[in-house]
Amino acid sequence: MTAPIRIALVGIGKIVRTQHVPALAASDAFELVATASPRSTLDGVPAFKSLEELLESGPEIDAVSLCQPPQARFADALVAIEAGKHVMLEKPPTDTLSEAEEIARLTARSDATVFATWHSRFSPAVEPARAWLAGKTLRRMRIEWKEDVRVWHPGQKWIWEAGGFGVFDPGINALSIASAVLPDPLFLQQARLAFPSNCQTPIAADLAFTSGGKPVEAVFDFLQTGPQTWSIWIETEEGGLELSKGGAELAIDGVDQPLPPEAEYPGLYARFAELIASGTSDVDLTPLRLVGDAFLRGERVEAPPFVE
Ligand code: NAP
């Protein structure tokens, strides 16, 4: 048996506590040996204020998992790649395409593994949906990703700051699924982004894409109360598919499909371990590019101020 990969978590917040820590605890491939975060720590794990401090005076590590807000990820990615560590990036990998492209460029020259993750692609419905769609002819597709930001992102001020993505923070998950399952690439045609008058990022977005010349519409909303919607409907010449609950459920031609239970983060770490073992990397920037296109071409409308 090979020794576990010694890993550090950088940016200790909600997603680390709810997903990364349990996934690492259940993994034989990794051993969590340190954290780096300005203020937060994990019980029983040696803690450092920054990645530089950890690399200088912490325990030996083989890999880092970068879970800070996207605005701060690039700087640490450069430090980690330069130090020759394997790097796993939370989504979105960075908040500009140029930085993400630079990570991809450095990855190609490095012996270490870089994995730019899209956790929703590891939901159980995605691979069966991709397999079912292969070879079929798309007629139309609709995405609705509507959630209550006050429930899912309490106190996360960075989401409303420049580079924080706003409603595209969850919306990019839908685009990561869409770009993984569709046989043809997506092209943004039109976008309408609603910015609260006191925020730098949108709270809602209506997007129109084409894929293989066929319409794909997406509606993102951060003010959905009551039932939450993370659904994709796909109509083809050969039948229809509905992916719901963010990819935890799948129906084909109206028939619910049996799926394994949700295990996105265990899946991410299993994939990271495989990439490390095979000496390869996985950096797909497509979802980030689609969001960039929406910000580039999107029409801006003002929405009422957002008060948490
Ligand atoms: P969060 O709860 O705000 O936690 C982020 C943590 O990063 C903060 O607690 C802060 O720790 C730390 N941090 C801030 N600036 C830093 C810096 N310059 N260097 C290192 N650490 C820094 O946010 P989150 O929800 O965990 O989201 C983090 C990332 O995960 C985002 O990219 C998000 O899109 C992604 N994600 C989130 C979810 C979710 O449901 N929440 C799901 C999937 C993916 P201190 O307390 O130490 O300052």
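As the structure lists them, so they are numbered: ligands from 1, and atoms in each ligand from 1. All residue numbers in this chain count up from 1 along the given sequence.
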The atoms of ligand 1 lying under 4.0 Å from a heavy atom of Ala72, numbered in the order shown, are 17 (C), 18 (N)
Cationic N near anionic O, under 4.0 Å, Glu53 to Lys49: no
Side-chain ion pair, Glu101 and Arg289, N-O less than 4.0 Å: yes
Would you call Asp184-Lys214 a salt bridge at under 4.0 Å N-O? no
Using the ring of Trp160 (Phe, Tyr or Trp, six-membered ring only), decide whether Lys157 places NZ or CZ under 6.0 Å from its centre and within 45 degrees of its axis. no
Thr18, Ile15, Leu89, Asp169: member with heavy atom nearest to atom 33 (C) of ligand 1: Asp169
Given Gln156, Glu147, His153, Arg39, identify the one with the heavy atom nearest to atom 48 (O) of ligand 1. Arg39
Starting from atom 9 (O) of ligand 1, find the nearest protein heavy-atom neighbour and note its residue, name and distance. Ile12 O, 2.7 Å
What's the shortest distance from atom 4 (O) of ligand 1 to any protein heavy atom, and which residue and atom give it? Gly13 CA, 3.2 Å
Closer than 4.0 Å to some heavy atom of Pro70 - which atoms of ligand 1 meet that? 32 (O)
Would Tyr265 count as a contact of ligand 1 if the rule is a heavy atom under 4.0 Å away? yes
Between Trp152 and Trp230, is the ring centroid distance below 6.0 Å? yes
Taking a cutoff of less than 4.0 Å between a non-hydrogen atom of the residue and any ligand atom, is Arg73 in contact with ligand 1? yes
Centres of the Phe222 and His153 rings: under 6.0 Å? yes
For the residue pair Phe306 and Ile203, what are the closest heavy atoms and their distance? CD1-CD1, 3.7 Å
Quick one: which ligand 1 atoms are inside 4.0 Å of a heavy atom on Ser40? 45 (P), 46 (O), 47 (O)
Heavy-atom pairs closer than 4.0 Å: do any link ligand 1 to the side chain of Glu90, the backbone, both, or neither? side chain
If you count the atoms of ligand 1 from 1 in the order shown, which ones are under 4.0 Å from a heavy atom of Gly11? 6 (C), 7 (O), 12 (C), 21 (N)
Looking at Arg6 and Glu31, does any basic side-chain N land under 4.0 Å from a carboxylate oxygen? no
Say whether Pro92, considering both its backbone and side-chain N or O atoms, lies within less than 3.5 Å of an N or O atom on ligand 1. no
What pairs meet the ring-ring contact (aromatic ring centres under 6.0 Å, His included) rule with one or both residues in residues 172-201, with sequence neighbours excluded? none
Quick test of your reading of the model: are Arg73 and Asp95 salt-bridged, counting only N-O distances below 4.0 Å? no
Which residue owns the protein heavy atom closest to atom 11 (O) of ligand 1, what's the atom, and how far is it? Ser37 OG, 3.0 Å
Salt-bridge test for Lys85 and Asp62: reply yes if a basic N is under 4.0 Å from a carboxylate O, no otherwise. no
Could you tell me which atoms of ligand 1, counted from 1 in the order shown, lie closer than 4.0 angstrom to a heavy atom of Cys67? 28 (C), 29 (C)
Lys/Arg-Asp/Glu bridge criterion (N-O < 4.0 Å) met for Glu238, Arg139: no
If you have a sec, work out which protein heavy atom is nearest atom 3 (O) of ligand 1 and how many Å separate them, to one decimal? Trp158 NE1, 2.9 Å
Protein heavy-atom partner closest to atom 41 (N) of ligand 1 - residue, atom, separation in Å: Lys14 CD, 3.6 Å
Residue, atom name and distance, where the atom is the protein heavy atom closest to atom 13 (N) of ligand 1: Pro69 CD, 3.7 Å
Assess Phe165 for proximity to ligand 1: is some non-hydrogen atom of it under 4.0 Å away? no
For ligand 1, which atoms have a heavy atom of Lys91 less than 4.0 angstrom away? 31 (C), 32 (O), 33 (C), 34 (O), 35 (C), 44 (C)
